Amino acid sequence: MPAGPADVLRAVAVGLLNLSGLGLGYALLRRWAGLVLCLVATAVLLVVALPADADGVSGKVVAAYAVFLVLAAVHGAFRGLRRPLSWPPKSPVAVVLGLVLLAVPVGGVVLYNGAKDDATQKMLLDRLATADHLVQVSKAQPFGSSKFEYGKALATYRDLYDHHAGSRAAKRVPASLTAYYSAVGATYDQKKYCDAVEPLQYLRTVPAHFDKKALGTLATWPDDRLATSLYECGAQSLSQDPSSSTAETDFSTLLTTFPASPQAAKVEPAYRAAIDKAARELKGSDPCAATGTVRALDGSVAGLPGKQAGMADAFAKDAQRAAGYEESGTYACGVHQYKGGDFDTALTTINDFITRYPHDGHLALAKKIAIAAEVAQNEPAAGKHLPTLDSGGSIPMTFTNDSPDAVQILYTGQVTGSITIKGCSGCSVYATETDASAHACKSSSKNYAKKTLYLPAGTMYFLNKPVDDPSTTPASHTSTLRSDYVYTECAYTVHRDYGL
């Protein structure tokens with residue numbers, strides 16, 4: 001078709017029609033290659049862009065398509081400047097048609113952005129649902145093994161709330177947080193108080209990393225539950241095993257974290273009741289175990305931080321009471337062990353009592369028991385009866401020391417006691433028992449050290465041991481004393497062994 005006169009409106013119309021992305025300007029000029037190229041470009045864009053997702057179309061693709069449309073519009077306008085249209089016959093009508101058809105790309109952009117927004121909302125809701133599901137799955141697991149998953153879910157909630165504030169997912173975050181707190185603190189509702197302590201402590205850290213408006217009342221939700229869990233777990237441990245550090249740890253945390261709480265106010269009465277219970281058990285069948293309990297309670301209550309809760313004085317009094325029961329319990333335990341024939345342990349317990357409580361009213365008898373227990377270690381029959389405070393008698397028994405070392409004579413039976421005889425300066429160790437039997441205490445030239453005891457009639461048990469050499473094996477023997485006899489005994493050393 002021959003070129004006609006230049007028509008600016010026609011050129012504008014063709015350019016506007018090409019901006020629609022459909023190549024209609026080329027169609028009206030009957031330039032079919034241009035039409036096909038525009039349709040192909042638009043089809044490629046639609047394939048890339050649809051269906052709309054949250055990520056949208058790459059900016060480079062959009063920019064390239066926009067450049068293409070501008071080039072198509074400019075090229076079409078240039079071609080339409082002198083080439084008549086096949087339809088419509090008048091250029092102003094074509095301009096109006098071009099303006100109307102611009103609604104196609106504009107509307108497409110609007111619709112695409114709406115679809116993209118819907119896809120974004122769905123993606124965010126899917127993320128929320130995934131986090132919610134993770135919380136519910138973790139709820140059935142021990143907190144220690146699911147703590148990481150709880151952290152992941154919380155991070156998702158925080159991201160949705162902070163960075164997608166206007167989304168439908170963000171509006172549902174407060175409800176998800178309520179379920180989250182309930183899941184993490186589920187062991188509290190199950191009355192598993194010891195298991196509930198750690199997760200509730202974890203929940204108290206959440207407000208430091210989350211918008212408090214989103215949390216609302218959840219910010220303080222764990223407080224009373226944690227206080228209750230700390231008390232109940234501590235009380236349970238105190239009842240089951242006072243020697244365990246769990247009670248002291250839980251109560252200390254309670255007193256420092258919630259000093260004014262009703263739960264903190266119950267700590268001192270719990271200790272007071274535990275001490276009273278252990279004190280009653282000191283008179284029972286196992287005073288040693290009861291003594292261990294009051295000893296543990298003494299140490300535990302003394303270590304509690306009662307100042308913040310206003311309980312320092314009350315705790316001090318409880319510790320003092322426990323210490324008193326420990327004192328009487330140590331003595332009762334030693335007696336119990338002695339009566340049970342466990343002379344080795346009884347000796348250790350009674351000696352500990354003598355050392356730690358030098359002003360106790362049982363001290364005199366405790367010393368007698370310690371002597372009897374030591375004799376009974378070598379002569380078990382000596383421990384058949386508990387010693388008494390009786391002393392003295394009318395039957396003389398003289399002990400002579402034919403040893404270069406001082407010796408201690410322990411005795412028990414009708415009476416209990418000990419004497420120490422200094423060493424003999426001119427005496428020596430005998431080579432054999434036969435030599436000792438023939439010569440011990442029989443030399444008129446030696447100045448033997450001697451001591452005389454006055455003992456009652458009856459069976460007496462004796463133990464000789466060196467004063468300065470505890471590694472030497474002591475010697476023991478038993479004598480039945482009668483009032484019409486005078487008794488003499490000789491102590492000597494045979495290769496560092498003492499004999500009578």
Side-chain angles (χ1 to χ4, degrees), residues 123-165 167-241 244-259 261 263-264 267 304-305:
M123 180 270 292
L124 295 177
L125 288 172
D126 287 344
R127 287 184 59 195
L128 180 67
T130 299
D132 291 344
H133 177 71
L134 188 61
V135 169
Q136 293 307 312
V137 170
S138 300
K139 181 179 180 180
Q141 305 298 324
F143 178 74
S145 62
S146 58
K147 186 175 181 180
F148 178 74
E149 283 71 21
Y150 281 129
K152 287 176 59 178
L154 186 64
T156 299
Y157 297 148
R158 184 165 55 243
D159 179 70
L160 290 173
Y161 191 83
D162 292 345
H163 301 118
H164 306 280
S167 67
R168 295 195 294 271
K171 294 177 182 178
R172 297 182 186 181
V173 166
S176 292
L177 284 172
T178 299
Y180 179 85
Y181 270 67
S182 178
V184 176
T187 47
Y188 173 83
D189 294 327
Q190 298 165 5
K191 300 188 183 302
K192 298 177 181 179
Y193 297 112
C194 292
D195 294 337
V197 170
E198 184 182 0
L200 290 172
Q201 287 176 325
Y202 166 81
L203 287 175
R204 293 190 78 238
T205 68
V206 172
H209 309 285
F210 213 101
D211 191 302
K212 292 184 178 180
K213 291 182 180 179
L215 292 175
T217 58
L218 291 176
T220 57
W221 185 88
D223 292 354
D224 184 70
R225 290 169 172 81
L226 177 57
T228 298
S229 297
L230 287 168
Y231 173 76
E232 293 295 341
C233 183
Q236 178 181 329
S237 300
L238 189 66
S239 173
Q240 294 177 349
D241 184 9
S244 169
S245 61
T246 302
E248 183 179 351
T249 299
D250 287 341
F251 285 151
S252 294
T253 303
L254 172 60
L255 292 169
T256 54
T257 309
F258 309 105
S261 65
Q263 295 88 340
V267 172
L304 290 175

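The structure displayed is predicted, hence computed values, not measured ones.
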Q.
Test side-chain contact (heavy atoms from CB on, under 4.5 Å) on W221 and T178; report intermediate values, then the result.
A. CA-CA 10 Å; W221 185 88; T178 299; over 6 Å; no

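Note: Q263 CD to L230 CG = 9.0 Å, rounded to the nearest 0.5 Å. Here the CG-CD distance, from L200 to E198, works out to 10.5 Å after rounding to the nearest 0.5 Å. To the nearest 0.5 angstrom, S261 atom OG is 5.0 Å from L254 atom CG.
Residues L154 and L177 form a side-chain contact, since some pair of their non-hydrogen atoms from C-beta on lies under 4.5 Å apart. Taking the side chain as every heavy atom from C-beta outward, L128 and Y157 approach each other to under 4.5 Å. Residues K213 and Y161 are in side-chain contact: their nearest non-hydrogen atoms beyond the backbone lie under 4.5 Å apart. Contact of the L226 side chain with the F258 side chain is registered, since non-hydrogen atoms from C-beta on lie closer than 4.5 Å. Side-chain contact check for F210 versus V173: some heavy-atom pair is nearer than 4.5 Å. Between D223 and R204 there is a side-chain heavy-atom pair separated by less than 4.5 Å. L255 places a side-chain heavy atom less than 4.5 Å from the side chain of L304. Counting only heavy atoms from C-beta outward, the side chains of D195 and F143 never approach each other to under 4.5 Å.
Between the side chain of T205 and the backbone N or O of Y202 there is at least one donor-acceptor pair closer than 3.5 Å. In this structure a side-chain-to-backbone donor-acceptor pair under 3.5 Å is present from T253 to T249. A distance-only check finds a donor-acceptor pair linking the side chain of Y180 to the backbone of Y150 [under 3.5 Å]. For the pair S229 (side chain) and R225 (backbone), a donor-acceptor distance under 3.5 Å is present.
Legend: residues meeting side chain to side chain contact (heavy atoms under 4.5 Å, CB included) with K171, ordered by chain and number and at least two apart, are absent. D159 pairs by the salt bridge (Lys or Arg N to Asp or Glu O under 4.0 Å) definition with R127, not counting sequence neighbours. Looking at residues two or more places apart in sequence or on another chain, you find no salt bridge (Lys or Arg N to Asp or Glu O under 4.0 Å) involving D224. Listed by chain and number, the residues in a side chain to side chain donor-acceptor pair (under 3.5 Å) with Y231 amount to none (sequence neighbours excluded). Remark: T256 pairs with no residue by the side chain to side chain donor-acceptor pair (under 3.5 Å) rule, at least two apart or across chains.
Annotation for Q236 and C194: closest pair OE1-SG, 4.4 Å, computed over non-hydrogen atoms. Between L160 and A170 the shortest heavy-atom distance is O-CB, 3.5 Å.
Counting only residues at least two apart or in different chains, salt bridge (Lys or Arg N to Asp or Glu O under 4.0 Å) contacts with residues 128-152 are absent.
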